[in-house]
Amino acid sequence: MKKKIPMICNLVSIVLLIVFIIKSIVDYNQYSTTLNSAPFYVWILVNALYFIIPAIVMSVIGFIMKKKQWQI
């Protein structure tokens, strides 16, 4: 089970990155400058906050757990 946890963390990280890309593309297609006062890069920053930062955290957790397995 200990070997599966780093793999699951890395898989979740990859899924979050894919969701970020897909959500950004969908937002780009739905974005209208006449309806939104915020520029599009703000939408990208919000998507990054929700998807990229957790993906980085999960990747680091997986890396740390895998590193500790080699020490044991």
Side-chain angles (χ1 to χ4, degrees):
M1 183 64 181
K2 287 185 178 183
K3 291 184 179 182
K4 290 184 180 179
I5 293 175
M7 185 174 60
I8 291 171
C9 288
N10 290 331
L11 183 65
V12 169
S13 176
I14 291 170
V15 168
L16 285 170
L17 290 174
I18 292 169
V19 169
F20 168 75
I21 292 169
I22 292 171
K23 176 122 175 53
S24 296
I25 291 170
V26 169
D27 286 345
Y28 178 75
N29 288 331
Q30 293 177 348
Y31 183 78
S32 172
T33 55
T34 59
L35 298 175
N36 298 312
S37 61
F40 184 69
Y41 69 86
V42 173
W43 290 47
I44 297 294
L45 290 174
V46 170
N47 286 344
L49 179 69
Y50 289 140
F51 297 113
I52 299 292
I53 293 174
I56 292 170
V57 170
M58 291 299 289
S59 180
V60 168
I61 289 171
F63 178 74
I64 290 171
M65 293 183 77
K66 190 171 185 176
K67 185 102 170 159
K68 288 192 180 227
Q69 284 179 357
W70 285 100
Q71 292 176 354
I72 295 176

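Along the sequence shown, the residues carry numbers beginning at 1. Predicted, not measured: the structure shown is a model, and the values here were computed from it.
- Taking hydrophobic clusters as Ile, Leu, Val, Met, Phe, Trp and Tyr residues chained together by side-chain heavy-atom distances below 4.5 Å, Met7 does not share a cluster with Val60.
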Compile the donor-acceptor pairs under 3.5 Å between side chains in residues 10-24 and protein atoms, sequence neighbours left out, one pair per line.
unit_1: Asn10; atom_1: ND2; unit_2: Pro6; atom_2: O; d: 3.3
unit_1: Ser13; atom_1: OG; unit_2: Ala55; atom_2: O; d: 2.9
unit_1: Lys23; atom_1: NZ; unit_2: Asp27; atom_2: OD1; d: 3.3
unit_1: Lys23; atom_1: NZ; unit_2: Asp27; atom_2: OD2; d: 3.2
unit_1: Ser24; atom_1: OG; unit_2: Phe20; atom_2: O; d: 2.9

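- The CD1 atom of Ile52 sits 9.5 Å away from atom CD1 of Ile44, with the distance rounded to the nearest 0.5 Å.
- In terms of the ring pair (Phe, Tyr, Trp, His ring centres under 6.0 Å) criterion, residue partners of Phe40 (sequence neighbours excluded) are, by chain and number, Tyr28, Tyr31.
- Checked against Ile64 for a side chain to side chain contact (heavy atoms under 4.5 Å, CB included), the options Lys67, Lys66, Lys68 give a single hit: Lys68.
- Considering every non-hydrogen atom in both Trp43 and Pro39, the closest pair reads CD1-O, 3.6 Å.
- Here the CD atom belonging to Gln30 is positioned 10.0 Å from the CG atom belonging to Asn36, to the nearest 0.5 angstrom.
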